[in-house]
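Heavy atoms only: backbone and side chains are in, while hydrogens, waters and symmetry mates are out.
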2 protein chains.
Amino acid sequence: MLSFTEENYLKALVQLTFFENSRQHEGQGKSEVGVNRLAAYLDVKPATVSDMARKLKVKELVDYEKYGKISLTELGKKEGMMVIRRHRLWETFLYQKLDFNWDEIHELAEELEHIHSIKLMNRLDQFLDFPSFDPHGDAIPDENGEITIPFRRTLSEVKEGKKCKMIAVNDNSIEFLKYVDKIGLKIEDEIEVLKKEDFDALTTIQFKQKQLVVSPKFTDNIFVLCATCLNAKECDC
Amino acid sequence: MLSFTEENYLKALVQLTFFENSRQHEGQGKSEVGVNRLAAYLDVKPATVSDMARKLKVKELVDYEKYGKISLTELGKKEGMMVIRRHRLWETFLYQKLDFNWDEIHELAEELEHIHSIKLMNRLDQFLDFPSFDPHGDAIPDENGEITIPFRRTLSEVKEGKKCKMIAVNDNSIEFLKYVDKIGLKIEDEIEVLKKEDFDALTTIQFKQKQLVVSPKFTDNIFVLCATCLNAKECDC
DNA sequence: TAATAAAGTTAGACTAATCTAACAATATTT
DNA sequence: AAATATTGTTAGATTAGTCTAACTTTATTA
Ligand SMILES: [Mn+2]
Ligand SMILES: [Mn+2]
Ligand SMILES: [Mn+2]
Ligand SMILES: [Mn+2]
């Protein structure tokens with residue numbers, strides 16, 4: 001049985017090696033990470049990660065050699081994915097059934113994700129009608145830990161004059177989510193890019209009859225799809 | 001913030017000092033427990049309990065002097081009650097919403113009870129329509145940790161020829177619950193005591209047109225109310 | 001290539017929760 | 001009251017997860 005802490009390491013490794021750079025490393029999977037990087041991500045000291053990397057290697061959850069990079073084994077990846085599955089299913093439950101706001105659910109899910117019961121998660125999945133995405137628009141791994149991360153662009157990539165649809169957020173911080181709430185934007189809303197100013201990287205967007213000037217801090221963290229790129233990665237929206 | 005372990009000690013203390021003997025100590029509250037008793041209940045060694053008692057005393061959760069008995073302070077009692085509230089609300093959720101059987105829910109609730117969020121529990125309470133009892137018939141403490149344990153008798157106490165209604169179980173073990181399922185008895189069912197045999201303490205009962213001979217292992221663990229004792233403790237049902 | 005910087009490891013210490021084994025206090029029985 | 005049994009405590013060890021401080025390896029730069 002995995003401890004709370006071990007699960008958090010595996011989850012972090014999935015985030016850093018599979019999700020974070022899902023766009024960049026497309027296909028060729030340089031899915032490994034250094035001790036310092038992981039330590040910074042988990043907010044512990046590198047010494048702690050060195051120790052844990054050795055322990056996880058013994059349990060065959062990671063591949064790792066002294067002074068080398070850390071990467072997940074198939075088993076480690078699956079366990080990490082299951083933590084993420086539980087996290088995202090609980091977030092969905094809290095949001096859909098208990099009416100929590102989307103900026104409150106992550107913290108609670110950080111605790112709930114460590115409840116180990118396959119049956120519980122499958123029942124919850126069913127109770128929620130087998131959701132594909134969590135309230136932040138992130139895909140939910142299936143009962144085998146498989147996930148299909150859909151093609152998605154950031155709003156920053158969308159060209160002037162084009163329209164697109166918000167499908168997810170990239171930043172789950174309370175501040176960011178509260179800002180998105182404040183301006184009245186929701187997943188599935190249509191956004192039009194009216195103007196992109198190269199000088200200071202500000203973008204003027206329109207959604208629901210409202211116009212707004214936003215910075216890259218915003219546009220980098222909104223994932224969108226345009227009408228034509230839904231099934232064609234080559235679309236230059 | 002209390003640790004997982006500290007919460008389990010407080011919960012155990014509530015069970016042993018307030019619930020276990022709620023019938024016997026009625027009123028005068030000899031609500032304290034020895035180190036060995038608590039150790040046996042928690043399945044740890046007395047040495048471990050001695051240490052923990054000292055720590056809980058420092059945190060003002062228990063009253064305790066070396067070689068003396070352990071009892072909960074007001075604060076400790078409230079914290080313990082809140083753990084029990086969370087446990088019973090989660091059990092109710094699993095049973096009512098996720099269709100778990102009543103013999104499967106306790107184990108899961110043992111993990112879920114340690115999720116700390118007042119808001120979460122109040123939302124869940126509301127989602128469940130403010131239940132008064134969990135699926136085993138145990139009262140659920142309110143948001144202030146207050147609980148009213150209703151008057152109840154065991155089936156063993158009911159006299160020959162009398163009728164009563166099952167309101168709870170006293171034994172939450174999987175084996176006991178499965179047995180109650182097997183014979184087809186449910187909370188709220190009416191039970192008639194047809195015959196009590198002093199010689200071997202066996203009782204013949206009737207419920208839902210069925211007759212059955214049961215032992216004290218059964219009758220001691222079924223809580224009932226008879227028609228007339230609902231509001232009168234003096235009733236000699 | 002040699003010097004310097006960055007990244008990673010190791011040794012030793014700490015805390016929480018547990019154990020065993022030896023000891024001490026309290027309660028019960030003769 | 002003395003002997004015995006029960007109950008509870010203490011000292012010392014262990015494990016997981018963390019830290020700091022010193023050290024080593026690998027990478028980068030001059
Ligand atoms: Mn989250
Ligand atoms: Mn999410
Ligand atoms: Mn229970
Ligand atoms: Mn219960």
Could you say whether A:Met52 or A:Tyr67 is positioned toward the 5' end of DNA chain D, judged by the nucleotide with the nearest heavy atom to each? A:Met52
Considering only heavy atoms of chain A and a distance under 4.0 Å, specify the first and last nucleotide of DNA chain C in 5' to 3' order that meet this criterion. C:dA7 to C:dT10
Residue list, side-chain hydrogen bond (donor to acceptor under 3.5 Å, both in side chains) with B:Arg85, at least two apart or on another chain: B:Asn122, B:Asp125
Nearest 0.5 Å, what's the CG-CE distance between A:Leu89 and A:Met82? 9.0 Å
Quick one: label A:Phe4 by what it contacts on the DNA or RNA (base, sugar-phosphate, nothing), any heavy atom closer than 4.0 Å. nothing
In whole angstrom, give the distance that lies between atom NE2 of A:His114 and atom C1' of D:dA16. 16 Å
Over how many whole Å does the gap from A:Lys69 atom NZ to D:dT25 atom P extend? 18 Å
Whole-Å distance between D:dT18 C1' and A:Asp43 CG? 12 Å
Which residues satisfy the salt bridge (Lys or Arg N to Asp or Glu O under 4.0 Å) test with B:Glu110, sequence neighbours excluded? B:Lys11
Once you round it to whole Å, what is the distance between C1' of D:dA16 and CD of A:Glu6? 9 Å
How many Å lie between CG on B:Asn36 and P on D:dA5, as a whole number? 17 Å
May I have all residue pairs that pass salt bridge (charged side-chain N to carboxylate O under 4.0 Å, His left out) and include part of residues 91-106 of chain A, sequence neighbours excluded? A:Asp103-A:Lys178, A:Glu104-B:Lys119
Using residues 55-64 of chain A as the side-chain source, report each donor-acceptor pair under 3.5 Å to any protein atom, sequence neighbours left out, with the distance given to one decimal.
from: A:Lys57; atom 1: NZ; to: A:Tyr64; atom 2: O; distance (Å): 3.2
from: A:Lys57; atom 1: NZ; to: A:Glu65; atom 2: OE2; distance (Å): 2.7
from: A:Lys59; atom 1: NZ; to: A:Glu6; atom 2: OE1; distance (Å): 3.3
from: A:Lys59; atom 1: NZ; to: A:Glu6; atom 2: OE2; distance (Å): 2.9

Under 3.5 Å, which donor-acceptor pairs link side chains of residues 44-51 of chain B to any protein atom two or more places apart or in another chain?
from: B:Thr48; atom 1: OG1; to: B:Lys45; atom 2: O; distance (Å): 3.4
from: B:Asp51; atom 1: OD1; to: B:Arg54; atom 2: NH2; distance (Å): 3.0

Rounded to the Å, how far apart are B:Glu65 CD and D:dT9 P? 11 Å
Kindly indicate whether the side chain of A:Asn8, heavy atoms from C-beta on, has any atom under 4.5 Å from the side chain of A:Glu113. yes
Between D:dT7 (C1') and B:Glu32 (CD): distance, integer Å: 14 Å
Could you tell me the separation between the CZ atom of A:Arg37 and the C1' atom of D:dT26, rounded to a whole number of Å? 19 Å
Contacts of A:Lys196 that satisfy side-chain hydrogen bond (donor to acceptor under 3.5 Å, both in side chains) - sequence neighbours left out: none
Applying side-chain hydrogen bond (donor to acceptor under 3.5 Å, both in side chains), name anything that partners A:Lys66, two or more places apart in sequence or on another chain. none
Pairs under 3.5 Å (N/O, protein and nucleotides 10-12 of chain D):
from: D:dT10; atom 1: OP1; to: B:Lys66; atom 2: NZ; distance (Å): 2.9

